[in-house]
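Have a look at the structure below, then the notes.
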Amino acid sequence: MNILVINAGSSSLKYQLINMNGEIVLAKGNCERIGIGGKFTHKTHDGRVLSKEVEMQDHTAAFAVVKNALLSGEGKVINDLSEVAAIGHRIVQGGYKYDRSVLVTQQVIDDIDDLAELAPLHNKAHVQGINAATAAFGKEVPQVVVFDTAFHQTMPPKAYMFGVPYEYYEKYKIRRYGFHGTSHRYVSARCLELIGNPEGKDTRIISCHLGNGSSIAALKDGKVIDTTMGLTPLDGFMMGTRSGGIDPSVVSFIMDKEGFNPKEMDDVLNKKSGMLGISGVSSDDRDIAQAIEDGNQRAKLAWDMRTYEIIKYIGGYIAALGGIDAIIFTAGIGENQSFLRQEILESLGYRGVKVDMDKNNVRGQEAEITTPDSTVRGFVIPTNEELVIARDTMNIISGN
Ligand code: AMP
């Protein structure tokens, strides 16, 4: 059975066609610059690569390009549309309504659209993606949605409420939702397997998804009790271009001084802050690391600020969990940046955490990176959100 996994952004459409028999990625690719030109890349499992400029006016046009590439020409991997059993979509915001993946119905589409208020850039694009998939593949092909927020729905109110007047929660459902849930779900399940306790009973795990966007989740008995991202993916600690949590009065102060409207201020916090804002160099960790080597003091400050914030969150979560058994590192930075992992683990030296320097030298591969006598087990576990989406989609259409 082949499942097409879709991640539709406002001007992009990423996809993977996964053969669930062996979980092999038959083809994957990306439509970029939708509506403003168009660039298409497509790679097959046997190493064929397409990369071309193609005009794509909207998501429907992008889906037509993807469909053509899968079915014909140099990038062909299937003979007939009927070989796509179902389509699974990544959805950023599922609000309080969705604590699991579901089959797409008109009601589900309307809900995702309504929730766009809480994730304006993402949810609108996801609805376009679902509608475009229907146009390209027909109503007969079932579609499933997998929410980034769903795995965090086990948080108790004391963790997800913000200390603002309760009426805003009642009126607007303002609360912490958390994101990267699909990734935290995948790596934490794998971690529980690795520690020989797949049910997660009596376990305390901290999962660090460190990428361009980053979040940490605290899991007790395999379930999230707290996470760093909030109403939107802006909360938490410094990311590539996002500020993370700051004193809220900084926002009104800067707006007042600079004459910014809410949208302009939102842009500053989401696109011009974080590692980029502090370093003035780049949002990309590789550039930051290079700049530090070249002696750039602001790049070093950005790095140190982020490490410090992460260490504070982990300390807080250890207190909230009443201890810690394992810590996971995943995503672009978590999987590749050994020095950051070392700094974080060494900060837990007071608890008897011991890094295995050789094993920590790993990049993008699963590894246990603490010594056998370490009191906490540290793991690098490469994330695979697409696979979770494909598995959920298969299970739902199979009635499991
Ligand atoms: P993601 O959002 O998970 O794709 O992660 C993107 C981030 O991972 C960027 O800041 C990259 O600089 C960082 N990254 C990716 N590969 C490496 C690598 N080999 N070494 C260090 N950082 C990396």
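These figures come from a predicted structure and were not determined experimentally. Whatever order the structure lists ligands and atoms in, that order sets their numbers, starting from 1.
- By the 4.0 Å N-to-carboxylate-O rule, R306 lies close enough to D285 to be salt-bridged with it.
- Residue pairs that meet the salt bridge (Lys or Arg N to Asp or Glu O under 4.0 Å) test with at least one member in residues 50-61, sequence neighbours left out, do not exist here.
- Polar contact with ligand 1: present for G332 (N/O pair, distance under 3.5 Å).
- Salt bridge status for K97 with D111: present, with a side-chain N to carboxylate O gap under 4.0 Å.
- Among all non-hydrogen protein atoms, the one lying nearest atom 19 (N) of ligand 1 is R363 NH1, 3.2 Å.
- Using a cutoff of 4.0 Å between basic side-chain nitrogens and carboxylate oxygens, E366 and R190 are scored as salt-bridged.
- Protein heavy atom nearest atom 12 (O) of ligand 1, with residue, atom name and distance: D284 OD1, 2.4 Å.
- Closest to atom 18 (C) of ligand 1 among all protein heavy atoms lies N336 CB, 3.3 Å.
- Distances between N or O atoms of H209 and those of ligand 1 include no value under 3.5 Å.
- Contact atoms of ligand 1 toward G211: 1 (P), 2 (O), 3 (O), 5 (O) (distance under 4.0 Å to a heavy atom of the residue).
- Residues that satisfy the side chain to side chain contact (heavy atoms under 4.5 Å, CB included) test with P157, not counting sequence neighbours, are Y160, M161.
- Nearest protein heavy-atom neighbour of atom 10 (O) of ligand 1: D285 N, 3.0 Å.
- When each atom of ligand 1 is checked for a heavy atom of I333 under 4.0 Å away, the hits are 7 (C), 8 (O), 10 (O), 13 (C).
- The nearest heavy-atom contact from the protein to atom 2 (O) of ligand 1 is N212 N, 2.8 Å.
- Residues V268 and I254 fail the side-chain proximity criterion, which asks for heavy atoms closer than 4.5 Å.
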